[in-house]
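This is the structure I have questions about; it appears just below.
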Amino acid sequence: MTTTETEPEQEEAQEERPIGFGRLLRKEDPRLIRGMGQFVDDISLPGMLHMAILRSPVAHARIVSIDKSAAEAHPNVVAVITGEDLAAQGLAWMPTLSNDVQAVLATDKVRFQHQEVAFVVATDHYSARDALELIEVDYDWLEPLVDVRTALDEDSPVIRDDLDNKTDNHIFDWETGDEAATDEVFERADVVVSEEIVYPRVHPAPMETCGCVADVERVSGQVTLWCTTQAPHAHRTVYALVAGLPEHKIRVIAPDIGGGFGNKVPIYPGYVCAIVASLVIGKPVKWMEDRTENLVSTGFARDYVMKADIAATNDGRILAIRTNVLADHGAFNGVAAPVKYPAGFFGVFTGSYDLEAAHAKMTAVYTNKAPGGVAYACSFRITEAVYLVERIVDCLAYELDMDPAELRLKNFIKPEQFPYETKTGWVYDSGDYEPAMRKAMDMAGYAELRREQAERRANGELMGIGVAFFTEAVGAGPRKDMDILGLGMADGCELRIHPTGKAVVRLSVKTQGQGHETTFAQIVAEEIGIPPEDIEVVHGDTDNTPFGLGTYGSRSTPVSGAAAAMVTRKVRDKAQIIASGMLEVSVADLEWSKGSFSVKGDPSKSVTIQEIAMRAHGAGDLPDGIEGGLEAQICYNPENLTYPFGAYICVVDVDPGTAVVKVRRFIAVDDCGTQINPMIIEGQVHGGLADGVGMAMMEIIAFDEDGNCMSSSLMDYLIPTALETPDWETGHTVTPSPHHPIGAKGIGESATVGSPPAIVNAIVDALKPYGIRHADMPLTPSRVWEAMQGNHTPPI
Amino acid sequence: MQVPAPIEYERATSVEHAIALRSQLGDEARFIAGGHSLLPMMKLRLANPTHLIDINDLNELFYIREADSEVRIGAMARHRDLLDSELLARHFPIFRDAERVIADPTVRNRGTLGGSLCQADPSEDLSAVCTAVDASCVITSSDGQRVVPMHAFHVGPYETAVANNEMLTEIRIPLRPGGGSAYQKVERRAGDWAVVSAGAAVWMDAGIIVDGRVGLAAVGPNTTSIQPVAEALAGAAPNEDLYQRVGEIAAGNCSPETDGRGTAAYKAHLAAELTRRALRTAVARAQGQET
């Protein structure tokens, strides 16, 4: 069922535009590359005011007093609001997506550096910012909790004394798998390898920072919010649920979005403040955070300290994996994950291997750091899980002195075992791992690379080859298991065919750059034969689209992509009935070929979908019981997640004198099932791979011992450039999802998930002559050199 | 968008005008050249000058030319000009080495040599370069000009010898026979500040180093010119033992601190390693073996 294709990866988008799947230039690009997109900061309304937020300079302190009189006296300032002002309206705290509360503006204490303390509304952006410096806040400094490893010590400061009877920093314990069975396997295993593996705190850092324009019309009570959100419908309903605003009076519009990566899933205090400001003042209010605010206060990702053990036989049969994780959630538990999954989908840490047993335990704690932990292209913690398993498998290969590719090949789940239930209860829908691995090895010239490495090592040169193989679980999710704040994770979709045979499809999901306006048109085109350019994709506006939970966790294609296919089939079914009337045959006597129905055995008698559309809206008779019009709506509830996978190989060279790492090659073979637009898939993979270079080699949100964020600008929080990234060598296999209507799986996060372990494995492999088995990210030159000196330390 | 505090803006039309404005507006006025250090600091409100005096119209300061056995560079010469200059590449290839790894093309199109030296950031590249090649700085005031050698130009981190009523107008580099120079930098990512960098220049005669200098960046104060290095190089025959010894001297004469770019131990190691590499290339170039 897997097909392995070897088409040239760099071919031009086809001259002939496909009616359906295939390479097709993105419909949204003419607008975006001409600078004609409309982003939140491009919105300007008559009378619009500007908001700026005062943030805490310290990580942990009691607020003694706030004097806002000087700021209020600024000639251009309209209002200055503090936490106390919000508390009077019952708005000082808001619920998070994880059953915790978060301060909108601090009232009692500040709990992380740069926490929101007050806001200013002024007639222009500059004045609002100037007036922040006129607000006097008197803080009573408290000892901060920065080191997650001490969070549960008895003498650690208690951060969340706002919660009833809270006397420690514990958030939750979670476990999965069978502890006793796993321990039993470990006891009889030939080989046990243990390692502490840290996935440091990183940040999505989208090109566009977060912001909104709030417009509350006081007479009607209509709230319109233009917002940088990946999930406009979820935001609307959350505002209704938690602020008591009537949902039919709330319209959330996500215009063009400049990258999200999970950073634009949560509801941030700034959005709430802007809505409150517009409500109080009666004018539209814009809030657009700056780069520093985005890095220091919005949803970070990762921050897991993972103790991992792997058990195996002497000949390299992996038996079991267990892990114990300490999770740093910051000052408020703002993780966005389905309610039943406080650790997201971390349960897939068993990877792509057929194990006898597995077990994970996790403890999540508060620290005096920014809240969130939402995503960053992590598919709900799959990034951490995949890094854990792919790193510990390499540690095992090191101890067994086995080739890491061979070790993986030996332990893969076999194709005949799918659907495969893992020892932590995940049912992998489909997979055929060995061909993907072999293809990556062929593309890399793996055996030759190993020969070259041996030669170079003999000359004192440091060359490393890193292998990683990942399986993701994406497309949340089945409503029986998955909800966020009680909202099921099924997606609506609406399709209307206009009389002239053009169409509009309305989605609940929202692109942040992934190309939805193209791929969803292609899905509809594939199913009904209308060219993609004749299909308008509408998304991002809650008034104009059906309900659904938004774009994150690579769920758009698995869930809304399925919805788009299914709604199109529903329309096509109706079209078939109309066609039967037009051709005066029974429905069963018609056959479909893309774009038209014809009479079986007499292809000369046929009608096109465009002719059917005109008939559906026209004056002639329709078959009995058929209403006019040609449109449908559905809500698609996925049967299961989809499980894309991939084989990545990275080649690095390390300068022995300076410890500078050069990524020489990167080979990525991805399998996301049926491919809708291979060009867009390659783009998604390229972006994710660059992301992986960043996380593996330079990105970290670091703190000093006082809890000051040391990564508050792009001078300190480094994002890779074209100079650090090689030419990507991509390939693919196709193993369709059996339960998805078109067999597609998610691709958005595959490369972000799969590339960090490949790169780290390569660097650690290069350092093998130094006896190094593990080193934590980010592998900056200094951290690599320290590892070479035997001084490797975790980043936190 | 990050926005600075309110400022007044003046546009100077000549060096005399610029100096007059600076004298008149006082301590809190700043010249703005490329603005690639000052503007970010203002946007972060780490710098809050009351006035900016824009000197981008001072066309008389944009040159790179040879005169009186010196290469003379106007303070407003942009990084891009230094990178592209055949004159500099011929006599002091260290400039091209350094400019290739300074920031990115956008910054190099605007940033200036004078601005870099006056910013006096200890991590800044061109200070080490200018010190290695034994440059001096022409400082102009309404009273005339004075010439200050590089080692006296930087008074401390972010502090220079330029007074409030003065302006850096020119950098002069003596042209001497048998010269070779090179620059080595380690950065975490292209465009980042140096973790450590080293510039080396030697002047050779009959296979012997007559005079040699090494300047380091990002390893603490007073490392742009290391006297014991110059002493070790003077009169020495170039070989690996010498590079090794000089690298150790360089490492021993700096005081790096642990920060996000690296540990103090790593930076000291780099000071030695990059000094060796820069010297090796500088000597090869002096001997015409490498360009």
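Numbered from 1 within each chain, the chains take letters A, B, ... in sequence-line order.
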| query | Which bit of A:Pro720 is near chain B, if near means a heavy-atom gap under 4.5 Å: side chain, backbone, both or neither? | reply | backbone

| query | Looking only at atom types and distance, does a side-chain atom of A:Thr780 sit under 3.5 Å from a main-chain N or O of B:Arg188, one as donor and one as acceptor? | reply | no

| message | Quick check on A:Glu289 against chain B: is it the side chain, the backbone, both or neither that has a heavy atom closer than 4.5 Å? | response | backbone

| said: Within the supplied structure, the quantity of interest is the number of heavy atoms (other residues, nucleotides, ligands) at a distance under 6.0 Å from A:Asn459 CG; does it exceed 12? | reply: yes

| said: Other residues, nucleotides and ligands only: do more than 12 of their heavy atoms fall within 6.0 Å of CD on B:Gln287? | reply: yes

| request: Under 4.5 Å heavy-atom distance to chain A, tell me which part of B:Val195 shows up: side chain, backbone, both or neither. | output: neither

| request: Check each atom of A:Leu723 against the heavy atoms of chain B and say whether the ones under 4.5 Å are side chain, backbone, both or neither. | output: side chain

| task | Report, as yes or no, whether the 6.0 Å neighbourhood of atom CZ on B:Arg80 holds more than 12 heavy atoms from other residues, nucleotides or ligands. | result | no

| remark: Ranked by heavy-atom pairs below 4.5 Å to chain A, first place among B:Asp259, B:Leu44, B:Val186 goes to B:Val186

| query | Relative to chain A, which segment of B:Ala272 carries a heavy atom at a distance below 4.5 Å: side chain, backbone, both, or neither? | reply | neither

| said: If you count every heavy atom of other residues, nucleotides or ligands that lies below 6.0 Å from B:Arg30 atom CZ, does the total exceed 12? | reply: no

| request: Report the C-alpha distance between A:Thr658 and B:His269 in whole Å, list the side-chain angles of each, state the deciding distance to 0.1 Å, and finish with yes or no for side chain to side chain contact (heavy atoms under 4.5 Å, CB included). | output: CA-CA 8 Å; A:Thr658 61; B:His269 164 78; over 6 Å; no

| request: Taking all non-hydrogen atoms of both residues into account, name the closest pair between A:Ser782 and B:Arg261 and its distance. | output: CB-O, 3.9 Å

| task | Can you establish whether the number of heavy atoms outside A:Gln38 located under 6.0 Å from its atom CD is more than 12? | result | yes

| Most chain B-contacting option - heavy-atom pairs closer than 4.5 Å, from A:Ala702, A:Pro778, A:Pro781 | A:Pro781

| Chi angles and distances behind the side chain to side chain contact (heavy atoms under 4.5 Å, CB included) call for B:Met1, A:Met288 | CA-CA 7 Å; B:Met1 184 178 63; A:Met288 204 70 216; over 6 Å; no

| message | Does any part of the side chain of B:Trp193, heavy atoms only, come nearer than 4.5 Å to the side chain of A:Met715, both counted from C-beta? | response | yes

| query | Does a side-chain heavy-atom distance below 4.5 Å link A:Tyr126 with B:Pro4? | reply | yes

| query | So, do B:Arg189 and A:Met697 sit near enough that their side-chain heavy atoms are less than 4.5 Å apart? | reply | no

| said: Counting only non-hydrogen atoms closer than 4.5 Å, does A:Asp655 touch chain B with its backbone (N, CA, C, O), its side chain (CB onward), both, or neither? | reply: side chain

| task | Could you check if a side-chain atom of A:Thr292 sits within less than 4.5 angstrom of a side-chain atom of B:Lys43, using non-hydrogen atoms only? | result | no

| said: If you count every heavy atom of other residues, nucleotides or ligands that lies below 6.0 Å from A:Gln789 atom CD, does the total exceed 12? | reply: yes

| What part of A:Met698 gets closer than 4.5 Å to chain B, counting heavy atoms only: side chain, backbone, both or neither? | side chain

| Portion of B:Glu187 that has a non-hydrogen atom of chain A nearer than 4.5 angstrom | backbone

| task | Output the distance between atom CH2 (A:Trp785) and atom OG1 (B:Thr263), rounded to the nearest 0.5 Å. | result | 6.0 Å

| message | Within the 4.5 Å heavy-atom criterion, are B:Gln2 and A:Arg291 side-chain neighbours or not? | response | yes

| said: Shorter than 4.5 Å, heavy atoms on both sides: which option in A:Asp716, A:Leu718, A:Thr721, A:Asp704 has the most such pairs with chain B? | reply: A:Leu718

